[in-house]
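The residues of the chain are indexed from 1 along the displayed sequence.
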Amino acid sequence: MRRLRLTEAEQGELNTLVGRFLDAGHDWDPLGAAEAATAAAPGLPLRLREFLAEARTAESDITVVSGIPLDPALVATPTGWEAAAKSAAGRREEAALLLCGSAMGDAFGWESQQEGRIIHDICPAPGMESSLTSASSEKTLSLHTEDVFHPCRADYVALLCLRNPDGVGTTVASVEDVGLPAEVRGTLAEPRFRFFPDDSHSGPVPGREGGPAAYPEERVLFGPAHAPYLRFDVDFMAGADPAAAEAVRATDALLRSSAGRVVLHPGDLVFIDNYKVVHGRDPFTPRYDGEDRWLKRVNLLRDVRRLYAQGRVRSRLVPA
């Protein structure tokens, strides 16, 4: 894990950059804002840019920047992402996340997720306490690769903490820290697994009734043999045969036994390498009093042309 804490002077620089970005009106055009943020990112404090460049080059599994300035008059935590979207809650924080994220990768979104928004709100919603989505609270979110089913899944998941009064932990585990038996590792490296969209996606998505055909069987471990990449989500994947199914169960148990916790505090920004680390969340009891845990999330690609090559239009949204 790599960490950096911004100085007061660096916070001032970032505040100035965010102010200019918002004054230009980019926040009202999410797709245009993503490209504008890439152009504006060189204006970030030099030490921050160098730190993120080093983390990207080294393929750091977990990268944390502390001291991202928040609005002193931050509004109450919304009761779900729909409420946040309607009220434009946390616009300043969204701009800061987008600008900092653009130093690591290209921001993008999904037509099938949170109505095509680029920046997502992660906060508890009434009636969703036990769901398998980020709107849940009382149910543990299993360790998972974000959007495990799709070839254009994020390289990085970036989370900016606005509130976390109960110190709810983001759980993380790396394949490099797990002593996978040779037989299990060999099975995981073979195309014997099916991956499905998680419940945060709506509409006709692959693998779901009414949607396109599911993606073909794929590998869990892929890439360099000495330091493989990982795609895993025990709730939204299946082995294609009994041995593969047993490998899923064994891997899930080993990942859970090796998992650590990252507790984010207001102003903490974490970049999770979605190819090296699976992440989840501890359960908690929501208050719905305006003080609940609230994060902003953005997905980042190291090369947005991976997304453009998948579709017929130049868009930052993955089509449904």
Between Arg314 and Glu35, does any side-chain N to carboxylate O distance fall below 4.0 Å?
yes

With under 30° as parallel and over 60° as perpendicular, where do the rings of His26 and Phe21 fit, or are they tilted in between?
tilted

Working for side-chain hydrogen bond (donor to acceptor under 3.5 Å, both in side chains), residues Thr133 and Ser136
CA-CA 6 Å; Thr133 73; Ser136 70; 5.4 Å; no

Phe284 vs Pro124 side-chain heavy atoms within contact, under 4.5 Å
yes

Does one hydrophobic cluster hold both Phe193 and Leu180, with members joined at side-chain heavy-atom distances below 4.5 Å?
yes

Salt bridge Asp268-Arg3, side-chain N to carboxylate O under 4.0 Å
no

Would you say Phe222 has more than 12 foreign heavy atoms packed within less than 6.0 Å of its CZ?
yes

Hydrophobic clusters here meaning ILVMFWY residues chained together by side-chain heavy-atom distances under 4.5 Å, can you tell me if Leu264 and Val65 are in one?
no

In the structure I gave you, are the side-chain heavy atoms of Pro197 and Phe236 within less than 4.5 Å of one another anywhere?
no

Check this for me: does any side-chain nitrogen of one of Arg194 and Glu218 sit under 4.0 Å from a carboxylate oxygen of the other?
no

With rounding to the nearest 0.5 Å, note down the distance linking OG1 in Thr77 to CG in Asn164.
10.0 Å

Under the side chain to side chain contact (heavy atoms under 4.5 Å, CB included) rule, what do Phe195 and Arg153 come out as? Steps first, then yes or no, please.
CA-CA 12 Å; Phe195 302 94; Arg153 61 192 177 277; over 6 Å; no

Got a salt bridge between Glu176 and Lys276, using NZ or NE/NH1/NH2 to carboxylate O under 4.0 Å?
yes

Please tell me if the side chains of Glu146 and His279 come closer than 4.5 Å, counting only heavy atoms from C-beta onward.
yes

Using a cut-off of 6.0 Å, state whether more than 12 heavy atoms not belonging to Glu115 lie near its atom CD.
no

Determine the minimum heavy-atom distance between Val75 and Ala89, stating which atoms define it.
CG2-CB, 3.7 Å

Is the closest side-chain heavy-atom distance between Asp198 and Asp235 below 4.5 Å?
no

When you measure from the side chain of Thr140 to the backbone N and O of Ser142, does any donor-acceptor pair fall under 3.5 Å?
no

Any donor-acceptor pair under 3.5 Å from Thr57 side chain to Glu54 backbone
no

Checking side chain to side chain contact (heavy atoms under 4.5 Å, CB included) for the pair Phe232/Met237: CA distance, chi angles, key distance, verdict?
CA-CA 7 Å; Phe232 191 86; Met237 65 182 293; 3.6 Å; yes

Please confirm whether the backbone N or O of Val234 pairs with a side-chain atom of Arg249, one donor and one acceptor, at under 3.5 Å?
no

Would you indicate whether the side-chain heavy atoms of Leu17 and Leu99 approach each other to under 4.5 Å?
yes

Between Tyr156 and Tyr275, ring centroids under 6.0 Å
no

Could you tell me whether Lys296 and Glu94 have a side-chain N and a carboxylate O separated by less than 4.0 Å?
yes

Separation between CD1 of Ile68 and SG of Cys100, rounded to the nearest 0.5 Å:
4.0 Å

N/O donor-acceptor pair under 3.5 Å between Asp233 side chain and His144 backbone:
no

I would like to know whether Leu162 and Leu295 meet side chain to side chain contact (heavy atoms under 4.5 Å, CB included); could you show each step before the answer?
CA-CA 6 Å; Leu162 279 62; Leu295 310 179; 5.9 Å; no

Apply side-chain hydrogen bond (donor to acceptor under 3.5 Å, both in side chains) to the pair Glu138 and Ser130, showing each step before the final yes or no.
CA-CA 6 Å; Glu138 296 176 355; Ser130 296; 4.9 Å; no

State plainly whether one hydrophobic cluster holds both Ile118 and Leu97, where clusters connect Ile, Leu, Val, Met, Phe, Trp and Tyr through side-chain heavy atoms under 4.5 angstrom apart.
yes

Any sub-3.5 Å donor-acceptor pair from Arg297's side-chain atoms to His120's backbone N or O?
no

Connected via hydrophobic side-chain network under 4.5 Å: Val148 and Val248:
yes

Any side-chain heavy-atom pair from Trp294 and Ile122 closer than 4.5 angstrom?
no

Which distance, rounded to the nearest 0.5 Å, do you find between the OG of Ser174 and the CE of Met1?
11.5 Å

Counting only N and O atoms by type, is there a donor-acceptor contact under 3.5 Å from the side chain of Asp292 to the main-chain atoms of Arg287?
yes

Looking at Glu190 and Arg192, is there a salt bridge between them, counting it only when a charged N and a carboxylate O are closer than 4.0 Å?
yes

Quick one: does Glu10's side chain have a donor or acceptor within less than 3.5 Å of a partner on Leu48's backbone?
no

Check for a donor-acceptor pair, side chain of Arg92 on one end and backbone N or O of Asp71 on the other, with a separation under 3.5 Å.
no

If only atom types and distance count, is the side chain of Asp166 paired as donor or acceptor with the main-chain N or O of Val168 below 3.5 Å?
no

Could you check Asp273 against Ile62 for side chain to side chain contact (heavy atoms under 4.5 Å, CB included), going step by step and ending with a plain yes or no?
CA-CA 6 Å; Asp273 190 317; Ile62 303 291; over 6 Å; no

A side-chain contact here means heavy atoms from C-beta on lying under 4.5 Å apart; do Phe149 and His201 qualify?
yes

Thr63 to Ala55 - nearest heavy-atom pair and separation:
OG1-CB, 3.6 Å

Looking at Arg261 and Asp282, does any basic side-chain N land under 4.0 Å from a carboxylate oxygen?
yes

Between the side chains of Arg163 and Glu291, is the shortest nitrogen-to-carboxylate-oxygen separation below 4.0 Å, so that they form an ion pair?
yes

Which pair of heavy atoms, one from Asp199 and one from Leu132, lies closest together, and at what distance?
OD2-CB, 4.0 Å

Heavy-atom pair with the smallest gap, counting every atom of Leu22 and Ala95
CD2-CB, 3.8 Å

Leu14, Phe51: one ILVMFWY side-chain cluster at the under-4.5 Å cut-off?
yes

So that I can tick it off, tell me whether Asp155 and Arg306 are bridged by a salt bridge, with the cut-off set at under 4.0 angstrom between side-chain N and carboxylate O.
yes

Considering all heavy atoms, the nearest Leu317-Gly116 contact
CD2-O, 3.2 Å

Pairing of Arg47 and Glu50 as salt bridge, 4.0 angstrom limit
no

Atom CD of Glu183 and atom CD of Glu246: how far apart are they, to the nearest 0.5 Å?
9.5 Å

Aromatic ring pairing Trp110/His150, orientation class (parallel under 30°, perpendicular over 60°, tilted between):
perpendicular

Could you check if a side-chain atom of Leu160 sits within less than 4.5 angstrom of a side-chain atom of Glu93, using non-hydrogen atoms only?
yes

If you measure from CG on Asn299 to CZ on Phe108, what distance do you get to the nearest 0.5 Å?
4.5 Å

Check: Arg231 side chain, Leu221 main-chain N or O, donor-acceptor pair, under 3.5 Å:
no

Hey, could you give me the OG1/CG distance between Thr38 and Asp106, rounded to the nearest 0.5 Å?
5.0 Å

Which atoms form the tightest heavy-atom contact between Glu129 and Pro126, and what is the distance?
OE2-CA, 3.6 Å

